[in-house]
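All values below were derived from every heavy atom in this structure, side-chain atoms included, with hydrogens, water molecules and symmetry-related copies excluded.
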Amino acid sequence: MTEAIHHLIEQYGLVAVFLGCVAEGESAAILAGFFAHQHVFVAWQAFLAAAIGAFAGDTFFFILGRSFADHPYVLRLKARPGFSHAFRLVSSHPNIFVLSNRYIYGMRLVGGVAAGFASITVTRFVLLNAISSLVWAALFCTVGYVFGLGAERIVGQALARHERLLTALAIGLAVAILAWFLAHSVARKERANDARDGQSEAK
């Protein structure tokens with residue numbers, strides 16, 4: 001069973017990293033770094049898959065906001081908690097917002113759409129998003145690579161294939177759980193902020 005999974009990871013893992021990083025993919029980037037350390041992926045290919053996925057995802061949601069403002073899916077994203085706050089931020093501090101939005105878990109989708117609604121130019125968004133995606137991919141792939149170093153120290157210099165898979169799955173699960181808690185914490189804070197803003201405007 002583990003041999004079959006290992007084969008699938010070798011064959012399609014980079015595609016999965018790319019797809020995972022399109023939306024909210026810290027765990028995908030971390031796993032890419034881990035498997036790069038274990039020589040399942042080539043390091044530069046893992047980094048490139050994560051960076052391109054991050055760039056493609058943010059650019060996609062920017063285009064949705066810029067060109068498909070009346071689409072039902074875009075309208076649902078606009079109704080999410082935090083959209084109005086994201087729009088205010090990108091309108092007042094566009095450079096900082098685009099560079100930092102990908103690091104705020106739970107806000108990337110609405111943040112990308114909000115950037116599309118704002119007055120920031122396409123060229124500026126693309127350049128800033130490229131910088132942000134490269135730095136983001138380098139950061140989280142490095143975290144995964146460091147996890148690989150730690151795993152070697154704990155398990156031994158030569159991790160068996162099934163040990164690599166189990167360690168990677170444990171890392172992915174831990175990151176996913178942490179990200180879920182962070183996302184819900186951010187969403188609660190944004191709902192509270194929006195509620196306060198609404199009360200202030202009503203007065």
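Leu64 is not listed as a side-chain neighbour of His71, based on a closest heavy-atom distance of 4.5 Å or more. Side-chain contact between Cys21 and Trp136 is present, with heavy atoms from C-beta onward closer than 4.5 Å. Within the 4.5 Å cutoff, the side chain of Phe125 has no heavy atoms near those of the Pro94 side chain. Using a 4.5 Å cut-off on side-chain heavy atoms (C-beta onward), Phe35 and Val17 make no contact.
Among all heavy-atom pairs drawn from Val22 and Arg102, the shortest one is O-NH2, 3.7 Å. For Ala46 against Ala36, the heavy-atom pair with the smallest separation is CB-CB, 4.3 Å. Closest non-hydrogen pair, Tyr103 versus Leu99, comes out as CE1-O, 3.4 Å. Closest approach of Ala49 and Leu14 over heavy atoms only: CB-O, 3.8 Å. Scanning all heavy atoms of the two residues, the minimum distance from Val110 to Phe83 falls at O-CD1, 3.9 Å. When every heavy atom of Ala54 is checked against every heavy atom of Ser133, the shortest pair comes out as C-OG, 3.6 Å.
Note on Phe140: it clusters hydrophobically with Val135, by side-chain heavy-atom contacts below 4.5 Å among ILVMFWY residues. Taken together through direct or relayed side-chain contacts under 4.5 Å among Ile, Leu, Val, Met, Phe, Trp and Tyr, Leu127 and Val122 form parts of separate hydrophobic clusters. The cluster map of Ile, Leu, Val, Met, Phe, Trp and Tyr, joined by side-chain heavy atoms under 4.5 Å apart, puts Ile96 and Val126 in different clusters. Linking ILVMFWY residues whenever their side-chain heavy atoms come closer than 4.5 Å, directly or via other members, places Phe41 and Val143 in the same cluster. Clustering ILVMFWY residues whenever any of their side-chain heavy atoms sit less than 4.5 angstrom apart, transitively, puts Trp44 in the very cluster that holds Phe18.
Between the CZ atom of Phe47 and the OG1 atom of Thr142 there is a distance of 8.5 Å, given to the nearest 0.5 Å. Between the CD1 atom in Ile63 and the CG atom in Asp58 there is a gap of 11.0 Å [rounded to 0.5 Å]. Taking CG from Leu109 and CZ from Phe60, the interatomic distance works out to 10.0 Å, rounded to the nearest 0.5 Å. Going from atom CZ of Phe87 over to atom CZ of Phe97 covers 10.5 Å, rounded to the nearest 0.5 Å. Separation of atoms CZ (Phe68) and CG (Leu75) is listed at 13.0 Å; rounding is to 0.5 Å. How far NE2 of His93 is from OG of Ser100: 10.5 Å, rounded to the nearest 0.5 Å.
The closest side-chain donor-acceptor pair between Asn129 and Thr59 falls under 3.5 angstrom.
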The test is side chain to side chain contact (heavy atoms under 4.5 Å, CB included); show your working for Phe34 and Tyr145 and say whether it passes. CA-CA 5 Å; Phe34 177 85; Tyr145 198 90; over 6 Å; no
Set out, in order, the CA-CA distance, both residues' side-chain angles and the distance that settles side chain to side chain contact (heavy atoms under 4.5 Å, CB included) for His37 and Val146, then state yes or no. CA-CA 8 Å; His37 178 270; Val146 171; over 6 Å; no
Show your reasoning for whether side chain to side chain contact (heavy atoms under 4.5 Å, CB included) applies to Val113 and Phe62. CA-CA 5 Å; Val113 172; Phe62 173 81; over 6 Å; no
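Side chain of Arg66 to main chain of Ala118: a donor-acceptor pair is present (N/O by atom type, distance under 3.5 Å, no hydrogens or angles).
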